[in-house]
There are 2 protein chains.
Amino acid sequence: MQRTDTSGDAVAAILQQWQRERPDLDASPMGIIGRLGRCTALLRGRLDETFSRFDLSSWEFDVLATLRRAGSPHCLAPTTLFRTLMITSGTMTRQLQQLEGRGLISRQPNPDDARSQLVQLSPAGLALIDEAVAAHVANEHAILAPLAAAERAQLEQSLIRLLAILETPGD
Amino acid sequence: MQRTDTSGDAVAAILQQWQRERPDLDASPMGIIGRLGRCTALLRGRLDETFSRFDLSSWEFDVLATLRRAGSPHCLAPTTLFRTLMITSGTMTRQLQQLEGRGLISRQPNPDDARSQLVQLSPAGLALIDEAVAAHVANEHAILAPLAAAERAQLEQSLIRLLAILETPGD
DNA sequence: CTCAATTACCTTGAATTCAAGATATAATTT
DNA sequence: AAATTATATCTTGAATTCAAGGTAATTGAG
């Protein structure tokens with residue numbers, strides 16, 4: 001059975017419920033934090049549609065895109081990759097094994113350090129990610145198209161501000 | 001090994017890399033979509049800190065909070081729950097089994113429909129979630145405290161707008 | 001009224017992700 | 001210089017999540 005959801009603005013309804021059940025609490029921060037999570041969840045689905053057209057999952061796209069962004073020779077150490085992608089090293093290993101199996105990357109031992117490996121985008125991987133990135137960016141443009149330029153600017157500015165707060169180490 | 005990240009504003013750096021490597025693409029939507037995902041990821045960690053103080057994981061909190069919000073007698077069908085929580089029915093079953101094992105909910109057959117069950121918050125579950133919600137809301141207030149009232153309003157307004165677009169069925 | 005077909009509800013097997021462990025290098029002390 | 005501690009890199013076992021399947025109830029036609 002598939003997950004479903006009938007939301008209008010579900011978050012507003014949740015806030016009303018809390019107001020009714022726990023009037024002693026000021027739940028207003030949920031108006032921001034709840035909607036943020038919800039937007040991210042819905043976006044994930046939209047973006048995955050494009051990835052799947054290239055037989056890629058979200059994380060596969062991310063790995064290939066990171067190598068691509070690094071520039072020629074499209075070669076990075078696994079540690080650099082998993083730090084950039086904010087995943088654990090174990091997850092990284094599995095992902096690289098899988099991508100190597102599909103011939104999208106190659107892994108070679110690092111001659112200068114037996115602990116380390118060198119991950120490189122294969123020609124096939126390079127061609128694939130170059131196409132996929134173009135489609136991905138086009139998809140993102142389409143998703144945000146209903147937003148006027150001023151709305152986009154306001155949203156981005158707000159997110160920059162929030163991100164600065166969240167990244168501040170003095171939690 | 002733990003995941004790490006050294007971001008200043010990592011998204012800005014990524015945009016610059018794409019500009020250098022693929023000047024033919026206008027990657028500006030990533031400025032919004034990338035930061036949104038990043039904010040959500042960082043928030044998750046912050047919120048989990050509070051949940052763990054009550055020996056709750058994020059999903060456990062969500063289930064109990066949904067039952068609590070519903071109001072007395074804090075009783076819902078599993079289907080209502082998994083639709084609200086946007087998870088699959090299989091995941092729901094496991095979670096309810098676990099919560100029942102901890103004595104936080106009870107499950108009884110529905111007398112009107114042998115297919116269905118009734119999930120109810122136990123007294124212990126009610127007491128726990130009432131405490132945890134208060135702490136959670138306080139935590140959210142603390143997280144957003146650096147934002148001025150006007151900034152909060154602008155951010156929320158932007159998110160409401162974006163959410164409306166993303167929820168529009170005409171994908 | 002009976003039976004078939006659709007719908008709705010819940011439990012089990014495959015895939016993904018994380019925490020802990022094993023090995024190799026570097027740094028420090030004696 | 002040898003030994004020891006500490007750091008860094010990558011691969012494996014435990015837990016969580018999703019897709020497919022089985023069972024019960026409702027609907028509608030004959």
Side-chain angles (χ1 to χ4, degrees), chain A residues 1-6 37 40-42 44-45 47-49 51-52 55-63 75-102 105-120, chain B residues 1-6 37 40-42 44-45 47-49 51-52 55-63 75-102 105-120:
Chain A
M1 188 177 293
Q2 209 64 1
R3 64 170 171 258
T4 55
D5 181 59
T6 62
T40 300
L42 291 170
R44 184 199 323 272
L47 301 183
D48 282 349
E49 290 174 13
F51 299 151
S52 66
D55 284 315
L56 290 173
S57 59
S58 172
W59 61 260
E60 287 169 329
F61 178 90
D62 285 340
V63 173
C75 196
L76 291 173
T79 299
T80 306
L81 276 171
F82 79 69
R83 283 183 178 164
T84 303
L85 297 167
M86 291 203 294
I87 58 175
T88 62
S89 55
T91 301
M92 191 78 260
T93 297
R94 289 290 177 87
Q95 294 182 348
L96 293 177
Q97 288 170 344
Q98 218 166 327
L99 289 170
E100 188 172 36
R102 286 184 62 179
I105 63 163
S106 64
R107 279 193 301 173
Q108 293 157 10
N110 185 342
D112 298 336
D113 187 338
R115 297 174 300 180
S116 168
Q117 305 221 355
L118 290 178
V119 177
Q120 184 170 21
Chain B
M1 190 178 291
Q2 208 68 359
R3 64 170 172 259
T4 55
D5 180 60
T6 63
T40 300
L42 290 170
R44 185 198 323 272
L47 302 183
D48 283 348
E49 291 174 13
F51 298 151
S52 66
D55 283 315
L56 291 173
S57 59
S58 172
W59 62 261
E60 287 169 329
F61 178 90
D62 286 340
V63 173
C75 197
L76 292 172
T79 299
T80 306
L81 276 170
F82 79 69
R83 283 183 178 163
T84 303
L85 296 167
M86 293 203 293
I87 59 175
T88 62
S89 55
T91 301
M92 191 79 261
T93 297
R94 289 288 179 88
Q95 293 182 351
L96 293 177
Q97 287 170 344
Q98 219 166 327
L99 288 170
E100 189 172 35
R102 285 183 62 178
I105 63 164
S106 64
R107 280 192 300 173
Q108 293 157 10
N110 185 342
D112 297 335
D113 186 341
R115 296 175 301 179
S116 169
Q117 304 223 352
L118 289 178
V119 178
Q120 184 169 23

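Chain A is the first sequence line, chain B the second, and so forth, proteins listed ahead of strands; every chain is numbered from 1.
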How close or far is atom C1' of D:dA19 from atom CZ of B:Phe82, stated in whole angstroms? 13 Å
Just wondering, do B:Leu81 and B:Thr84 contact through their side chains at under 4.5 Å, heavy atoms? no
Return the set of residues passing side chain to side chain contact (heavy atoms under 4.5 Å, CB included) with A:Leu118 (not counting sequence neighbours), or none when no residue passes. A:Cys75, A:Asn110
Please give, in whole Å, the distance from C:dC9 P to B:Gln117 CD? 12 Å
Quick one: B:Leu85 CG to C:dC10 P, roughly how many Å, whole number? 14 Å
Just jot down the side chain to side chain contact (heavy atoms under 4.5 Å, CB included) partners of A:Gln117, sequence neighbours excluded, or say none. A:Pro78, A:Arg107
Got a sec? Which of residues 91-101 of chain B come in under 4.0 Å of DNA chain C, heavy atoms? B:Thr93, B:Arg94
Which nucleotide in D:dC10, C:dT25, C:dC10 has an atom nearest any side-chain atom of A:Asp113: C:dT25
Can you check the A:Arg83 CZ to C:dC18 P distance for me, whole Å? 16 Å
Length of the line joining A:Leu118:CG and D:dC10:C1', which is rounded to integer Å: 14 Å
Interatomic spacing from CG in A:Leu99 to CE in A:Met92 - rounded to 0.5 Å: 7.0 Å
Any side-chain N or O of B:Arg107 under 4.0 Å from OP1/OP2 of C:dT11? yes
Under the salt bridge (Lys or Arg N to Asp or Glu O under 4.0 Å) rule, collect the residues that match up with A:Asp48, sequence neighbours excluded. none
Between CH2 of A:Trp59 and P of D:dC18 the distance, given in whole Å, is 17 Å
Euclidean distance, atom CZ of residue A:Arg44 to atom P of D:dT17 [Å, nearest integer]: 13 Å
Hits for salt bridge (Lys or Arg N to Asp or Glu O under 4.0 Å) against A:Arg94, two or more places apart or cross-chain, chain-then-number order -> none
Applying side chain to side chain donor-acceptor pair (under 3.5 Å) to B:Arg102 and not counting sequence neighbours gives B:Glu60
Looking at B:Thr88, I'd like to know whether one of its side-chain N or O atoms comes within less than 4.0 Å of OP1 or OP2 on D:dT17. no
Ignoring backbone atoms, test whether A:Thr79 places a side-chain nitrogen or oxygen under 4.0 Å from the OP1 or OP2 oxygen of D:dA8. no
How close or far is atom P of C:dC10 from atom CG of B:Leu76, stated in whole angstroms? 12 Å
From D:dC10, D:dC18, C:dC10, pick the nucleotide closest to the side chain of B:Pro78? C:dC10
